[in-house]
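Beneath this line is the structure, given in structure tokens, with notes to follow.
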There are 2 protein chains.
Amino acid sequence: MDTNESMALADWIAVNGRDCPSRTVVEVLANKWALYVLGALRRFDRPLRFSELRRLLEGITQKMLTQTLRALERDGLIERAVYPTVPPRVEYGLTPLGVEAGRLTSAISEWSVANVAQILDARAAYDAHSEQPLERIVTSPTNA
Amino acid sequence: MDTNESMALADWIAVNGRDCPSRTVVEVLANKWALYVLGALRRFDRPLRFSELRRLLEGITQKMLTQTLRALERDGLIERAVYPTVPPRVEYGLTPLGVEAGRLTSAISEWSVANVAQILDARAAYDAHSEQPLERIVTSPTNA
DNA sequence: CCGGATCCCTGTCGATACTG
DNA sequence: CAGTATCGACAGGGATCCGG
């Protein structure tokens with residue numbers, strides 16, 4: 001099985017190595033704002049305006065929203081539609097490819113919501129005993 | 001349906017708003033290195049050493065690997081085992097929660113590999129007509 | 001030697017102000 | 001309304017040093 005592992009390693013590197021183009025795709029999707037954008041478009045199931053997205057994605061800046069939308073549009077996951085009215089109206093909708101990607105990213109959001117309590121507990125437990133050593137350092141200023 | 005949308009918006013904000021703890025979970029998972037770490041542990045289906053992970057995740061720095069492993073350990077997705085031998089041996093393995101998360105992140109990796117060609121085409125098409133204006137600027141240095 | 005902490009530097013991100 | 005421009009802050013990468 002050592003041989004199996006060597007082959008497995010080669011296979012792994014082939015599709016995950018630093019020069020594999022698929023990494024560039026992962027790096028667009030493995031991003032919280034991209035995930036939230038796809039999630040919103042999927043949840044509402046219709047094109048959304050720039051300002052609607054900004055309201056939905058609390059805390060995002062205009063800059064990051066623009067940047068994220070550009071990246072997703074460039075990769076063919078969303079489509080940008082400009083209506084030359086006044087005031088201007090720009091809508092972003094999912095392409096078929098974006099719908100597929102949205103299913104995967106939504107799964108992550110939903111799993112996070114479902115397991116947040118358990119994870120918060122784990123965090124608290126972890127922090128409880130890793131902060132302890134730090135306190136010890138400051139507790140004996142007696143011999144100065 | 002305006003009312004439906006208002007309710008949908010409220011629901012959305014409730015689980016995706018800036019103060020929802022689930023965001024902190026998403027922000028751990030929506031990260032390329034976390035995704036690759038979970039992917040590797042899932043692919044090899046056994047605990048991996050620090051140096052094995054570093055080799056597998058080409059391009060990661062020791063610092064980011066350490067940081068990513070700490071974050072995943074803190075959230076209870078991986079477990080750290082130290083064998084006090086010489087040279088030291090530290091292994092990281094998936095917890096049951098980590099196995100679940102790994103399924104979701106692996107889905108993203110695999111989808112990226114499956115659709116990389118189509119996405120690269122979309123990128124090329126996008127770049128083709130957005131770079132055109134830039135070339136025009138540098139093409140007439142005659143009157144200097 | 002392996003696992004990891006620290007320092008320094010660069011690129012990205014967030015907040016604000018301004019334009020078509 | 002839908003962006004772009006600019007600046008300060010902070011996270012990420014690279015090299016070096018440390019503990020076991």
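Keep in mind that what you see is a predicted model, and the values were worked out from it rather than measured. Proteins come first, then strands; the chains are lettered A, B, ... in the order of their sequence lines, and each starts at number 1.
The hydrophobic cluster around B:Y83 extends to none of the other residues, as no ILVMFWY side-chain heavy atom falls under 4.5 Å of it. Here A:V113 sits in one hydrophobic cluster together with B:V15; the rule is ILVMFWY side chains under 4.5 Å apart, joined directly or through other members.
Contacts between chain A and DNA chain D, taken as any atom within less than 4.0 angstrom of a protein heavy atom, begin and end at D:dC1 to D:dT6.
Applying the side chain to side chain contact (heavy atoms under 4.5 Å, CB included) criterion to B:V86, with sequence neighbours excluded, gives no partner residue. With sequence neighbours left out, the side chain to side chain contact (heavy atoms under 4.5 Å, CB included) criterion links A:P21 to B:V116, B:L120. Legend: residues meeting salt bridge (charged side-chain N to carboxylate O under 4.0 Å, His left out) with B:E91, ordered by chain and number and at least two apart, are B:R89.
Across B:L104 and A:A107, no two heavy atoms sit closer than the pair CD1-O, 3.7 Å. Heavy atoms only, all atoms of each residue included: B:V82 and B:P84 are closest at O-CD, 3.6 Å. When all heavy atoms are compared, the tightest approach of A:A101 to A:L38 is CB-CD1, 4.2 Å.
Relative to the six-membered ring of B:Y36, A:R23 meets both conditions, a distance below 6.0 Å and an angle of at most 45° to the axis.
Pairs of residues two or more places apart, or lying in two chains, that qualify as side chain to side chain donor-acceptor pair (under 3.5 Å) and include a residue from residues 101-124 of chain B are A:T24-B:R123, A:D75-B:R123, A:E100-B:W111, B:R42-B:S106, B:W111-B:N115.
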Name the atoms and distances for all side-chain donor-acceptor pairs under 3.5 Å in residues 52-63 of chain A, with sequence neighbours left out.
{"residue": "A:E52", "atom": "OE1", "partner": "A:R49", "partner atom": "N", "Å": "2.7"}
{"residue": "A:E52", "atom": "OE2", "partner": "A:R46", "partner atom": "NH2", "Å": "3.1"}
{"residue": "A:T61", "atom": "OG1", "partner": "A:M64", "partner atom": "N", "Å": "3.2"}

Exercise answer: donor-acceptor pairs, residues 25-34 of chain B side-chain atoms, under 3.5 Å, sequence neighbours excluded:
{"residue": "B:N31", "atom": "OD1", "partner": "B:W33", "partner atom": "N", "Å": "2.7"}
{"residue": "B:N31", "atom": "OD1", "partner": "B:A34", "partner atom": "N", "Å": "3.0"}

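Backbone-only contact: B:V90 has heavy atoms under 4.0 Å from sugar-phosphate atoms and none from a base. No engagement by B:Y83 is indicated, since no non-hydrogen atom pair under 4.0 Å with the nucleic acid exists.
With values rounded to the nearest 0.5 angstrom, A:T95 atom OG1 is found 10.0 Å from A:L41 atom CG.
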Sugar-phosphate atoms are those with a prime plus P, OP1 and OP2; base atoms are the rest. Using that split, label each nucleotide of nucleotides 15-20 of chain C B, S or - for protein heavy atoms under 4.0 Å, 5' to 3'. BBB--B
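Residues from residues 64-82 of chain A that place a heavy atom under 4.0 Å from any atom of DNA chain C, listed by number: A:M64, A:Q67. For the segment residues 31-51 of chain A, residues with any heavy atom less than 4.0 angstrom from an atom of DNA chain C are, sorted by number, A:W33.
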